[in-house]
Protein chains: 2
Amino acid sequence: MSSPCSRHPHPHRLIQQPLTELTEKLRSKSRKITAPRQAILEVLRRHQHPITNKEIHAALGTADCDLATVYRNLHTLEDMGMVRRFDFGDGVARFELLEEGDDGHHHHLVCTDCSAVVEVEGCFPTELEQALARRHGFTRVTHKLEFFGLCPKCAPAAPASA
Amino acid sequence: MSSPCSRHPHPHRLIQQPLTELTEKLRSKSRKITAPRQAILEVLRRHQHPITNKEIHAALGTADCDLATVYRNLHTLEDMGMVRRFDFGDGVARFELLEEGDDGHHHHLVCTDCSAVVEVEGCFPTELEQALARRHGFTRVTHKLEFFGLCPKCAPAAPASA
DNA sequence: ACCATGGATGCAATCGATTTGCATCCATAA
DNA sequence: TTATGGATGCAAATCGATTGCATCCATGGT
């Protein structure tokens, strides 16, 4: 779960939207613009990969706020459609800030060793999903999909040596 | 999370392998054949869909054994490749007993309302997975995929009325 | 600018799933 | 039959997440 690999930069999720626009969105939905809330949004804005409540809390630094407040705010932001929740199957929720108009539906390739994350471009073909829905009479069908493997830096041994 | 819908039978996962073969597999890997273990295997054998630790514990009935023992045994069985763990994203682990030679890789379509489960035939195209692995230098790439929606019995309103 | 008010926060307690320490037990091999 | 290491029961501990409650304060109305 530590991240030696996450050091090397992947070109993902550079949020262009300034903090002011984000807080404005809060105001427009009659949410108060508080210090903890702004700080949390700023942390999310700077992060390029899904981040946990605890990580957000740790990153808050000076603008310290209670961990429970972080949890509550992420629920709020999720309800507002400003962040998307991801589940990497390790029992910890992770969140990504969404740009205006982005529904955030995408997937990740996660290193099972160092937790390095690559955002997966493109998505699972929806035809299969629709066929599934039709075949079984389900409606409003969505899916959760994440890929797992060993990243280059965590690969077992040098491929060309020995 | 209750299951009004799970009543109507889906023709899935009828485990043919008798209990004796399963316990034999335990013996072959120098695992002791204890009463709790046999009872747990029998519960798993009868179940056609992923089942939680607590559900297994509840189903044990007479052959009551400690919940911690259920947890420990499912880890053991998972390590032995006899069961497969599934994650429906609700923070509870579920397990399916595997037939001899089955690696258990498949997916489910789960009703978000009543938790009815349909086993999804076929699997996500591995080409995309391999392309992903190649593109990012990952090895041993796998994936987790589950579908979610509303089952026919939980659908909002009668489609033909009103 | 002032006030009232409901949302927001801090703090501690609680919850639910899962794990673990430890003493005891027992299935199995010698 | 014995010893022995795995297995179990029980309780305590972990861990992520939620919640009750008193207090606070951002914001709208005046």
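Everything quoted here is computed from the prediction, not taken from an experiment. Naming convention: chains lettered A, B, ... in sequence-line order (proteins, then strands); numbering from 1 in each chain.
- Per the geometry, CG belonging to A:Leu67 stands 12 Å off C1' belonging to C:dG10, to the nearest Å.
- For the OP1/OP2 pair of C:dT19 and a distance below 4.0 Å, the side-chain nitrogens and oxygens of B:His75 include at least one atom meeting the criterion.
- Between A:Thr69 and the phosphate of C:dG10, there is a side-chain N or O to OP1/OP2 separation shorter than 4.0 Å.
- Listed nucleotides C:dT9, D:dT19, C:dA27 differ in distance to A:Pro36; the shortest reach to its side chain belongs to C:dT9.
- Using a 3.5 Å distance cut-off with no hydrogens or angles, the side chains of A:His143 and B:Glu146 do not pair a donor with an acceptor.
- Of the N and O atoms on the side chains of B:Glu42 and B:His47, not one donor lies less than 3.5 Å from an acceptor on the other residue.
- At least one side-chain nitrogen or oxygen of B:Asn53 sits closer than 4.0 Å to the OP1 or OP2 atom of C:dT18.
- When the nearest nucleotides of DNA chain D are assigned to A:Val92 and B:Thr34 by heavy-atom distance, the more 5′-ward of the two goes with B:Thr34.
- For A:Lys54 and D:dG16, a side-chain-to-base donor-acceptor distance below 3.5 Å is absent, hydrogens and geometry of angles not being considered.
- Checking the phosphate oxygens (OP1, OP2) of D:dA7, a side-chain nitrogen or oxygen of B:Arg31 falls inside 4.0 Å.
- Nearest nucleotide to the B:Lys32 side chain, out of D:dA11, C:dC11, C:dC26: C:dC26.
- Here B:Ala93 lies in heavy-atom contact (under 4.0 Å) with sugar-phosphate atoms only.
- As a whole-Å value, the separation of A:Gln38 CD from D:dA26 C1' is 11 Å.
- Look at CG on A:Leu26: it is 14 Å from C1' on D:dT27, rounded to the nearest Å.
- Considering only side-chain N and O atoms, B:Asn73 lies under 4.0 angstrom from the phosphate OP1 or OP2 of D:dT8.
- A straight line from NE2 of A:His57 to P of C:dG10 spans 8 Å, rounded to a whole angstrom.
- A straight line from CD of A:Glu78 to C1' of D:dT18 spans 15 Å, rounded to a whole angstrom.
- A heavy-atom distance below 4.5 Å is found between the side chains of A:Met80 and A:Arg31.
- A donor-acceptor contact under 3.5 Å is formed by the side chain of B:Arg72 with the base of C:dG21.
- If you find the closest nucleotide of DNA chain C to B:Gly91 and to B:Arg27, the one lying nearer the 5' end belongs to B:Gly91.
- Between B:Tyr71 and the phosphate of C:dT19, there is no side-chain N or O to OP1/OP2 separation shorter than 4.0 Å.
- No donor-acceptor pair under 3.5 Å is formed between the side chain of B:Glu129 and the backbone N or O of B:Thr126.
- The side chain to side chain contact (heavy atoms under 4.5 Å, CB included) test with A:Phe147 singles out one residue from A:Leu109, A:Val118, A:Val110, and that residue is A:Leu109.
- Rounded to an integer number of Å, the gap from A:Asp90 CG to C:dT19 P is 13 Å.
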Walk me through it: do B:Leu44 and B:Leu74 pass the test side chain to side chain contact (heavy atoms under 4.5 Å, CB included)? CA-CA 10 Å; B:Leu44 283 166; B:Leu74 282 159; 4.0 Å; yes
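- Atoms NZ (B:Lys29) and C1' (C:dA27) sit 20 Å apart, rounded to a whole Å.
- Note: CG (B:Asp87) to C1' (C:dT18) measures 14 Å, nearest angstrom.
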